[in-house]
Amino acid sequence: MRNCVASRQTTDDQGRQRSPNGLGTAMRGWCDAAGLQNCSSHGLRKACARRLIEAGATPHEMMAVTGHKTLAKAQRYSEAFDRSTAADRAMQRT
């Protein structure tokens, strides 16, 4: 993997792969340090998925970024967000 933010977040200070619990703990610390006590790793992942879909990413592209394992879950996010953004776009044209 290229030297990107995602690779630095999924590895610890010694370069070892974080466990899911370890990543969740790290995310909690990062959110707290940023003053985002009401955020969760799930909420941030969902926000990332929404922004990707709103920016025109396909469900497969979203899965590559967010780590969703099933197309069904990715499509559920995509369909829900596509409807709301499609409605907004349609209203802007009227």
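- One finds the NZ atom of Lys46 at 6.5 Å from the NE2 atom of His42 (value rounded to the nearest 0.5 Å).
- When all heavy atoms of Pro59 and Ala74 are compared, the closest pair comes out as O-CB, 3.9 Å.
- Taking the side chain to side chain contact (heavy atoms under 4.5 Å, CB included) definition, one finds that Gln14 meets it with Asp12, Arg16, sequence neighbours left out.
- For residues 20-33, the pairs satisfying salt bridge (Lys or Arg N to Asp or Glu O under 4.0 Å) are Arg28-Asp32, with sequence neighbours left out.
- Residues passing the side chain to side chain donor-acceptor pair (under 3.5 Å) test with Gln75, sequence neighbours excluded: none.
- The side chain to side chain donor-acceptor pair (under 3.5 Å) search around Ser40 returns none, not counting sequence neighbours.
- Arg51 pairs by the salt bridge (charged side-chain N to carboxylate O under 4.0 Å, His left out) definition with nothing, not counting sequence neighbours.
- Using a 4.5 Å cut-off on side-chain heavy atoms (C-beta onward), Met62 and Ile53 make contact.
- By the side chain to side chain contact (heavy atoms under 4.5 Å, CB included) test, Thr70 is found to be paired with Ala72, Lys73, residues two or more places apart in sequence or in another chain being considered.
- No chain of hydrophobic side-chain contacts below 4.5 Å, direct or via other Ile, Leu, Val, Met, Phe, Trp or Tyr residues, connects Met27 to Leu36.
- Note on residues 52-76: pairs passing ring-ring contact (aromatic ring centres under 6.0 Å, His included), not counting sequence neighbours, are His68-Tyr77.
- Side-chain contact between Ser41 and Leu23 is absent, with no heavy-atom pair separated by less than 4.5 Å.
- Contact detail for Leu44 and Cys31: the closest heavy-atom pair is CD1-SG, 3.4 Å.
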